[in-house]
Amino acid sequence: MSPSLHRSACPYDCPDTCGLLVQVEESCATAVRGDPEHPHSRGTLCPKMTHYEQTVHSPLRLTTPLLADGPKGSGAFRPIPWDEAIERISTRWKEIIATHGAEAILPYSCSGTMGIVQKNSGHAFFHKLGASRLARTICTPAKNAGWEAVMGKTPALPPATAAQSDLVLLWGINAIATNLHGFSHVRAARKAGGKTFLIDTYETATAAVADRVFLVRPGSDGALALGLMHLLVREGLVDHGFLQTQTQGFPELAAQVLPAFPPERVAALTGLSVAELEELAQAFGQAQAPYILIGGGLSRYGNGGMNIRSILCLPALVGAWGRPGGGAFVGVSGGGGFKLDEVTREDLLPGPVRTVNMNQLGQALEHLNGPPVKSLYVYHSNPAAVAPDQNAVLRGLARTDLFTVVHERFLTDTARYADLLLPATSSLEHSDLYRSYGSYCIQRVRPAIPAVGQSRSNWEVFELLAEAMGFTDPFFQQSADDLIDHLLALPSPAREGLDLEALNAGIPVELAAPAAGHWHTPSGRIELLNPKLDPPLPDYRERHAEQPTLPFSLMTAPSLYGLNSSFHEQERLRDMAGGMRLLMNPDDAAALGLCDDQPVLARNEWGEVRFQLSLTPKVPPAVVVAEGVWWSRFAPGPRTVNALTSQRLTDMGEGSTFYDNRVEVQPV
Ligand SMILES: Nc1nc2c(c(=O)[nH]1)N[C@H]1C(S)=C(S)[C@@H](COP(=O)(O)OP(=O)(O)OC[C@H]3O[C@@H](n4cnc5c(=O)[nH]c(N)nc54)[C@H](O)[C@@H]3O)O[C@H]1N2
Ligand SMILES: Nc1nc2c(c(=O)[nH]1)N[C@H]1C(S)=C(S)[C@@H](COP(=O)(O)OP(=O)(O)OC[C@H]3O[C@@H](n4cnc5c(=O)[nH]c(N)nc54)[C@H](O)[C@@H]3O)O[C@H]1N2
Ligand code: SF4
Ligand SMILES: [Mo]
């Protein structure tokens, strides 16, 4: 049979949501390439996805339901049929509900697959059940809260705006790794003669394509933003016309906050020199249309929300929003014009139920007020690897009285702790509807190949569980495609005039971006002063790990060759990443008597982790970097990076604080 081509979309948690063309031969995906007709990704893929077929048909794929056949964590299982697996789950849950109440059941899901239907397919089920709710706050809630503090519900500018800017600040974003296609617009701006500046805590891969790199002390970006505002005022570089007509609170900000941030103080807080601060302020203040692309890293601190809030005042101060190419970008929200509550079905909740913060899974499993968690249902997430305070999470998962079900494609660190392990389809095997958080593209996707082995999609498993639990609502009897049809049939202003036929045929289409220049805030203005917040004006806030109790700040940064804990099934990508490494400045290493490639132990109050050391001047003194979230089976020791991160939350949005930890490092 000759190969056929199928359109699909990249399902991973990446702002680009690239279009894929999948070559299929005899029911197998044999090659994957970028879809040239995708309006945002235009035919290119990142290195992670160029051999997606190696993930889809990996020999490590789970292909049947498995029942634990050994101690938790051992990874010993025996196959059982699907009907027995579903029967065991429903029987156990009915017992737990009768004894402890439904809140003793906790779902845990995150971002293994990003389509609207498969990602959210458990919500309606667990709401109907009355299970504990999960606050899904591991990613960027503090970044979003920082945006909302200043910009309210103002929608994002289209990412192509950056191409018109004459100065792009890449602020805490390793765009080459995490936003390759958004970055193409920054490249275009640079090609047209604009400048690109990077502000990070070490020289990431993105540093190589920046005109200037400013390395700041971790968690000090709020101070930097306030210091730049001080200089913009001092140098007469603010746009008074814009401030008067489009913003609120500039006089208060200038009088009450900014005098406290002279460059000398800000230099001490950020580690930049006064000359560097002046250079940055001059460049920003004199640019025609400065644009800031903001990453998530600097929001994952105890002061993360405030850092973002302070940065977002900068474009307003110089009136950047008023000029084509100017402004700031944190991400597209708004659900792509789809009514998400038609999927999540809050209305099925029996009444108020408790909420567990996903960043505190360890605490929730070890000691929670109210009924203990007696059952955990994990789907499209790998909390044993990605959640902070790994030792606490693993202690919880090891509880013999905890009934853990994991729905996965692979035997991940979390799957090893399952009582019951269910095989999941990959995105090429199920239907979904994709929106994007980095562009305004949407795409409907249908299966390109049949399910591998006996794997089932998230949606299908919840259909089975709903039936077993006796839920008769028609909602649970429809297929994923029925629900997608329903979502598309609901009218939405965002989708007005859209080619529905093309969308239904699987062609990626772009929604019209909302009109610029309208501020969706309570005051109708950009809120430099937000009266609803405490404090109403942005101000400097310390991070959790401000005090240098241990010598190194640990950066838990994204890897070019993995996506959180995903992609480790591909040997090719593991090799390209070069193993689980800790990057350190050569001077720090010399002071500790450590050499390149040596096995080392990083430790702090939460745990200890073995790494292979890499010495590089790209990392400044007093900082160490661990890129990627490895599977423990490919790690040098029994633990991976999140054994060194804490369950402390951000100042706004109850987010994760992955970057806000210190460690000491010693030879093994
Ligand atoms: N290749 C790859 N792509 C990914 C991911 C991945 O793991 N790998 N993850 C995906 C996910 S889930 C998300 S949420 C997105 C975004 O993923 P994020 O983790 O938000 O990554 P970035 O936005 O690139 O931002 C991280 C950058 O912030 C820097 N940083 C840390 N602390 C500070 C600080 O105090 N100040 C400053 N200025 N910089 C700091 C880090 O060094 C790093 O370069 O990317 C997605 N795409
Ligand atoms: N140290 C450190 N920790 C981090 C981060 C970091 O940068 N550094 N990043 C954090 C961030 S921003 C995020 S968003 C989280 C993400 O954390 P997670 O959401 O846990 O993301 P992944 O690690 O990609 O794991 C997703 C899992 O879903 C599985 N999967 C994929 N598709 C499907 C499907 O259709 N159905 C089912 N049932 N399973 C599927 C995959 O096999 C994979 O094991 O990690 C956080 N943790
Ligand atoms: S991970 Fe991101 S850049 Fe790579 S193919 Fe997927 S959407 Fe595109
Ligand atoms: Mo994320």
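For ligands, and for the atoms within them, numbers begin at 1 and follow the listed sequence.
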remark   = Those residues with a heavy-atom separation under 4.0 Å from ligand 1 are D13, K48, C139, W171, G172, I173, N174, A177, T178, I199, D200, T201, Y202, T204, V216, P218, G219, D221, G295, G296, G297, L298, R300, Y301, Y437, M555, P558, S559, L560, G562, L563, N564, Y659
query = Of all the atoms in ligand 2, which lie at a distance below 4.0 Å from a heavy atom belonging to N642?
reply = 1 (N), 2 (C), 3 (N)
ask   = Can Q118 be said to touch ligand 2, with heavy atoms closer than 4.0 Å?
value = no
Salt bridge E608-R603, side-chain N to carboxylate O under 4.0 Å = yes
ask   = Does T113 reach ligand 2 with a nitrogen or oxygen that is under 3.5 Å from one of the ligand's nitrogen or oxygen atoms?
value = no
request  = With heavy atoms of N458 as the reference, note each atom of ligand 2 found under 4.0 Å away.
outcome  = 34 (C), 36 (N), 37 (C), 38 (N)
message = For F214, does the six-membered ring have the charged nitrogen or CZ of R212 within the cation-pi criterion, i.e. under 6.0 angstrom from the centroid and within 45° of the normal?
response = yes
message = So if I count the atoms of ligand 2 from 1 in the order they appear, which ones are less than 4.0 Å from some heavy atom of H430?
response = 35 (O)
inquiry  = When you measure from the heavy atoms of E569 to every atom of ligand 2, does any distance fall below 4.0 Å?
reply    = no
key: Donor-acceptor pair, side chain of S58 and main chain of T55, under 3.5 angstrom   = no
task = Fit a plane to each ring of Y659 and Y301, take the angle between them on a 0 to 90° scale, and name the class: parallel (under 30°), tilted (30 to 60°) or perpendicular (over 60°).
result = parallel
message = Among R541, R662, R217, exactly one meets salt bridge (charged side-chain N to carboxylate O under 4.0 Å, His left out) together with E546. Which residue is that?
response = R217
inquiry  = Do T113 and H380 pair up side chain to side chain, a donor and an acceptor below 3.5 Å, judged on atom types alone?
reply    = no
request  = List every atom of ligand 2 that sits less than 4.0 Å from any heavy atom of T412, numbering the atoms from 1 in the order shown and giving each element.
outcome  = 44 (O)
note = The atoms of ligand 2 lying under 4.0 Å from a heavy atom of T425, numbered in the order shown, are 34 (C), 35 (O)
message = Does the structure place the NZ or CZ of R444 under 6.0 Å from the centre of the six-membered ring of Y434, at an angle of no more than 45° from the ring's axis?
response = no
key: S455 side chain to A451 backbone, donor-acceptor under 3.5 Å   = no
Charged N-O contact under 4.0 Å between E429 and R61 = yes
query = Are side-chain N/O atoms of H544 and T657 paired as donor and acceptor at under 3.5 Å?
reply = no
inquiry  = With heavy-atom distances below 4.0 Å as the criterion, list the atoms of ligand 2 near V641.
reply    = 1 (N)
ask   = When you look for heavy atoms under 4.0 Å from ligand 2, do you find them on the side chain of A424, its backbone, both, or neither?
value = side chain
ask   = So, is H407 polar-close to ligand 2, with some N/O to N/O distance under 3.5 Å?
value = yes
request  = Determine whether the side chains of Y202 and E627 contain a donor N or O and an acceptor N or O closer than 3.5 Å.
outcome  = yes
